[in-house]
2 protein chains.
Amino acid sequence: MNHETIELYADRSDVTLTSYVLDDSPEILDGRRRGAVLVCPGGGYLGCSDREAEPVALRFAAMGYHAFVLRYSTYYGTFKGGFQAGEMSGKKETMHPAPVRDIARAFLTIGEHAEEWLVDMDKITICGFSAGAHNCAMYSVYWDTPLITDFFGKGEEHFRPAAAILAYGISDYRLLYSSHPDRFVRELRTASAMALLGTAEPGDELLDEVSPVLRVSDSTPPTFIWATSEDRLVPAENSISMAAALARAGVPYEMHLFESGMHGLSLADRSTGGNMMMIDSDAAQWIGLAERWLEKRMACALPSTPAWMEEMQQ
Amino acid sequence: MNHETIELYADRSDVTLTSYVLDDSPEILDGRRRGAVLVCPGGGYLGCSDREAEPVALRFAAMGYHAFVLRYSTYYGTFKGGFQAGEMSGKKETMHPAPVRDIARAFLTIGEHAEEWLVDMDKITICGFSAGAHNCAMYSVYWDTPLITDFFGKGEEHFRPAAAILAYGISDYRLLYSSHPDRFVRELRTASAMALLGTAEPGDELLDEVSPVLRVSDSTPPTFIWATSEDRLVPAENSISMAAALARAGVPYEMHLFESGMHGLSLADRSTGGNMMMIDSDAAQWIGLAERWLEKRMACALPSTPAWMEEMQQ
């Protein structure tokens with residue numbers, strides 16, 4: 001395994017790409033290229049959660065894909081749990097569109113190493129959780145637009161995602177600005193808005209711009225969506241709206257909404273649950289469903305028999 | 001993740017321990033120690049197969065355990081597929097008891113780093129495939145005997161395995177010396193005997209010494225066994241005999257013998273199968289069964305609620 005952390009800006013240490021690149025072996029793929037999954041953890045654009053980073057990358061690596069964790073631009077740069085919405089101010093460096101461009105930056109960096117790492121650039125799936133799922137959904141709808149291509153001065157062929165996996169994600173920012181009875185939820189949403197949008201009171205135009213559900217098109221990649229209908233922090237309506245938008249655009253999608261389970265379950269098993277509330281054997285089924293869904297578009301073509309058997313038959 | 005390869009002898013580079021040590025995070029275990037799985041690939045004691053190394057370690061790492069791959073003493077040191085039984089001679093350095101002592105050496109090395117890596121030394125499972133399963137079964141019955149303790153001059157508390165997973169393993173060398181219609185199988189067995197025993201015609205005493213099935217006792221760890229009843233290279237009778245020996249000794253065990261599937265399936269999925277013959281969705285169920293079995297003895301005790309929730313309630 002090639003495991004290293006690469007800083008994606010020359011003058012910043014907060015945005016990093018961590019590789020979990022599988023060793024090649026003559027006994028396995030023998031030089032053939034593999035697909036990869038790029039994981040974007042959640043954290044309300046305040047930080048990137050460890051619970052949605054390395055353990056998830058390892059799960060995809062165990063499926064036989066190269067895996068990467070992208071720690072994209074967030075307000076605090078690290079995930080510390082706490083925040084003070086009242087003390088926050090707009091931070092140009094990390095607010096929209098920096099996070100979505102960081103995914104593009106990751107594509108370029110993986111592309112630079114594709115030959116060395118044996119990555120099949122036509123099979124890169126983006127997988128995000130919560131705010132990370134929002135960032136992935138944003139990338140799904142912006143990857144071939146000037147926001148990305150003009151900014152980097154490169155053609156869309158450098159940036160095309162093969163598929164997207166969105167876990168309890170935000171797809172429609174307008175939904176988040178309905179009133180909510182819980183003060184903690186209201187404050188977290190305000191802090192998250194300050195982090196991504198630089199204002200606690202974004203206007204309609206800005207809300208539309210960061211609501212991927214409004215921009216789904218036939219260039220949006222096939223998408224796997226899951227959430228829990230009990231989620232109080234990010235309502236599952238975000239997922240339902242996204243599925244409806246994909247359906248309208250004729251984009252292949254799959255969606256699993258589990259009846260119970262809180263926000264932020266990640267893999268919902270012992271690899272990511274630091275306490276029993278985060279372990280949920282129902283919701284934990286999502287990764288197996290995603291594995292089968294991924295295989296349809298990410299699997300490497302394999303010979304029917306081992307090489308030594310073919311040699312014997314010649 | 002701490003990923004490094006440590007050479008276990010000062011003057012040899014063929015025996016190595018490769019770590020897949022999970023990052024600690026305040027969001028997950030917050031300083032608590034995890035169990036670990038030590039993976040011993042197969043390869044007929046001629047080499048160690050990549051197909052039963054990194055991909056398997058990653059599968060255990062994805063469950064939330066630290067994982068290690070041990071490349072123990074083998075005749076060629078590397079796995080190259082081919083062998084010439086007629087040209088082999090006894091190699092003291094790599095033959096029995098070197099391979100089983102290498103597992104003990106790995107325990108000592110992990111122990112030296114246990115504090116740094118946050119390893120729970122009371123929860124180390126050994127997991128072997130084919131010849132690697134033989135080596136693990138050997139360790140299961142020899143870990144607390146002078147062959148290990150006197151040799152290293154250390155008490156048995158340094159070497160205790162919590163559990164063993166044996167995949168299509170050899171447990172009774174006497175079974176391998178029955179006649180076999182296939183010339184390739186006969187030659188491979190001869191080569192493997194030269195590698196482990198230094199002779200193509202081992203006597204009864206030596207065969208007994210390397211047949212773990214004869215030495216199971218109440219200090220043998222709980223054992224998970226799986227194989228395929230079609231296996232032509234290592235008959236599943238090896239697994240059945242081992243289960244019977246564990247039953248007689250009152251050692252907890254679990255066994256799954258799948259009806260079909262060839263020898264050497266490893267995870268039997270795309271992460272380890274370089275061709276379609278090595279992919280078998282029936283046999284591939286073993287790792288899920290092993291995961292549940294492991295959880296009973298390897299899981300880390302977790303709080304019922306997140307720390308932040310406890311703080312709010314105070």
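Note that these values count all heavy atoms, side chains included, but never hydrogens, waters or copies made by symmetry.
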Inter-chain contacts: residues 284-300 of chain A against chain B, heavy atoms under 4.5 Å: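 The list, in residue order, reads Glu295(A), Ala299(A), Cys300(A).
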Rounded to the nearest 0.5 Å, what's the gap from CG on Asn275(A) to CG on Leu29(B)? Could you check?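 Taking CG in Asn275(A) and CG in Leu29(B), the distance rounds to 10.5 Å.
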CG-OG1 distance between Asp23(A) and Thr18(B), expressed to the nearest 0.5 angstrom: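 Between atom CG of Asp23(A) and atom OG1 of Thr18(B) there are 8.5 Å.
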Do His3(B) side-chain atoms and Met1(A) backbone N/O form a donor-acceptor pair below 3.5 Å? yes
Derivation and outcome, side-chain contact (heavy atoms from CB on, under 4.5 Å), residues Glu27(B) and Thr272(A): CA-CA 9 Å; Glu27(B) 297 175 60; Thr272(A) 59; over 6 Å; no
Would you mind reporting whether Pro303(A) and Met276(B) have side-chain heavy atoms less than 4.5 Å apart?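 No, their side chains stay 4.5 Å or more apart.
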Which atom names give the shortest non-hydrogen contact between [X] and [Y], and what distance separates them?
X	Y	answer
Asp50(A)	Ser25(B)	OD2-OG, 2.7 Å
Thr305(A)	Met277(B)	CG2-SD, 3.5 Å
Leu22(B)	Glu54(A)	CA-OE2, 3.6 Å

Go through Ile28(A), Val56(A), Asp269(A) and name the one with the most non-hydrogen pairs under 4.5 angstrom from chain B. Ile28(A)
What parts of residues 62-70 of chain B touch chain A if we use heavy atoms and a cut-off under 4.5 Å?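 Result: Ala62(B), Met63(B), Gly64(B).
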Would the number of heavy atoms belonging to other residues, nucleotides or ligands and lying under 6.0 Å from CZ of Arg232(A) be above 12?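 Atom CZ in Arg232(A) is not crowded, with 12 or fewer foreign heavy atoms closer than 6.0 Å.
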I'd like to know whether CD of Glu116(A) has more than 12 heavy-atom contacts from other residues, nucleotides or ligands below 6.0 angstrom.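 Count over threshold, so yes.
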